[in-house]
Amino acid sequence: MDNREMETRRLEMLAELERLGSMRAVAEVMHTTTSTVSQQLAVLAHEMGAPLFEPDGRRVRLTPYGRRLAEHAVTILAAVEAARRDLGPTAEPNGTVRVGGFQTAVSGSLLPVLRELSGSHPRVHVLVREHEPAEALGMLAADEVDLALVYDYNLSPAPPDPALAVTPLWRTRWGLGVPAEEAAACAGARTSPELFARFREREWIVNSRNTADEEVARRIGALADFTPHVTHRADSLDLVEELITAGLGVGLLPQDRPTTAGVRVVPLEDPAVYMRAYAVTRLGHRDWPPLALVIDRLTERAEAGAFPGRVAGG
């Protein structure tokens, strides 16, 4: 039993003494010994620097100091019990959850969950900040968010961090986005390196705020004995498509995401490329009821196949 719990227990003993008037009676209701009650109340009196009780025949009675502290004890104990009910693992979710995550996960996974929770759990509030994985994880470490929605790729896995609790959500296949009029150049390419080699002379488009997709492109390019010439960087997938349509390069795009008429996403095989999304919290925080509720809903949607980029029948 730590000191904070002992202090609360001492206050409970004092409140019971004021109610029952006997240390023996206090010991009985609190399932301890009379000597323990006497010792703990003596410690409480010493901590307060004032006498809290005095002999009254074979019983004891509270001093004015003791009666006043007993009044405070009732209020304090009620507040502690209310906090336990409100914050305990079985409590009704209630509170504000701060989320930092990448745009695809926020719009495709988190927002549908928030629309559902607004009706089923109106006491849960969620604050949303759009950030790439490194930014979101930095905010998590600084206690600026409670939940980070992040991603990596199977060919560029994020290093494990023992200080974090990671919940896998969903994964999606990625392919190579090329101008639609150049799709014929992909014919007959059986592997990802062979497909990449067809575009070794082209400029390449990668993310502007994360290096994971660039690392994937360089790894596959290395298997084809060339280094992709990265010239354009864009965070928005829509902008990546516009750059491809304008003939300014090629780049990685989700296979299941609908694209504009000017872009063709060619599947990557051997090796295949997957983006993997995760919900990340600080270790020990996962069971906080409102946070657990949000993560559980995200997980349920992912297990049901409702994840960003998923299309009907896909």
Side-chain angles (χ1 to χ4, degrees), residues 89-133 136-137 140 145-175 210 212-213 216 237 252-259 265 267-269 271-314:
T90 61
E92 175 69 19
N94 173 25
T96 299
V97 180
R98 304 164 299 170
V99 181
F102 64 106
Q103 187 272 335
T104 301
V106 170
S107 63
S109 291
L110 183 62
L111 290 185
V113 166
L114 299 191
R115 285 191 286 269
E116 175 195 343
L117 295 183
S118 65
S120 63
H121 293 80
R123 299 176 68 196
V124 174
H125 304 280
V126 178
L127 302 181
V128 179
R129 299 181 179 181
E130 188 268 320
H131 288 282
E132 283 293 306
L137 291 174
L140 189 67
V145 297
D146 305 297
L147 172 63
L149 300 178
V150 303
Y151 66 87
D152 68 3
Y153 293 91
N154 60 317
L155 298 185
S156 179
D161 186 335
L164 300 177
V166 179
T167 301
L169 294 179
W170 41 263
R171 70 175 192 169
T172 57
R173 286 285 299 266
W174 278 51
N210 191 2
D213 67 325
V216 170
L237 293 179
L252 297 177
L253 285 173
Q255 274 187 215
D256 290 338
R257 178 178 181 270
T259 59
V265 180
L268 293 172
E269 302 286 353
V273 176
Y274 290 92
M275 172 191 273
R276 306 176 298 187
Y278 309 92
V280 184
T281 65
R282 293 184 299 281
L283 200 64
H285 291 225
R286 171 67 169 79
D287 291 335
W288 180 44
L291 179 57
L293 176 66
V294 172
I295 295 175
D296 289 345
R297 292 294 188 272
L298 288 170
T299 303
E300 290 168 5
R301 283 185 56 81
E303 291 176 347
F307 52 82
R310 182 82 173 191
V311 295

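Just so it is clear, the model here is predicted, and its values are computed rather than measured.
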Has Arg282 got a side-chain atom pairing as donor or acceptor with Leu140's backbone, closer than 3.5 angstrom?
yes
Check whether any side-chain heavy atom of Leu169 sits under 4.5 Å from a side-chain heavy atom of Leu149, and report yes or no.
yes
Atom CG of Leu147 and atom CG of Leu110: how far apart are they, to the nearest 0.5 Å?
7.5 Å
Distance check, rounded to the nearest 0.5 Å: Ser156 atom OG versus Met275 atom CE?
11.0 Å
Are Leu137 and Leu164 packed together at the side-chain level, in the sense that at least one heavy-atom pair is separated by less than 4.5 angstrom?
yes
Looking only at side chains, do Trp170 and Ser109 share a donor and an acceptor under 3.5 Å apart?
yes
I want to check something: taking the side chain as every heavy atom from C-beta on, are Leu298 and Thr167 in contact at a cut-off of under 4.5 Å?
no
So how far is it from Thr259 OG1 to Leu237 CG, rounded to the nearest 0.5 Å?
11.0 Å
Does the Asp146 side chain pair with the main chain of Arg98, one donor and one acceptor, at a distance under 3.5 Å?
yes
Are the side chains of Asn210 and Pro133 in touch, meaning some heavy atoms are under 4.5 Å apart?
yes
Leu268 CG to Tyr274 OH distance, which is reported to the nearest 0.5 Å
11.0 Å
Rounded distance [0.5 Å steps], NE2 in His285 versus CG in Leu291
9.0 Å
Residues Val145, Val99; criterion side chain to side chain contact (heavy atoms under 4.5 Å, CB included); working and verdict:
CA-CA 5 Å; Val145 297; Val99 181; over 6 Å; no
Approximate separation, where rounding is to 0.5 Å, of Thr172 OG1 and Tyr151 OH:
11.0 Å
More than 12 heavy atoms of other groups within 6.0 Å of Arg276 CZ:
yes
Arg171 CZ: over 12 foreign heavy atoms closer than 6.0 Å
no
4.5 Å side-chain heavy-atom contact, Glu116 and Arg301
no
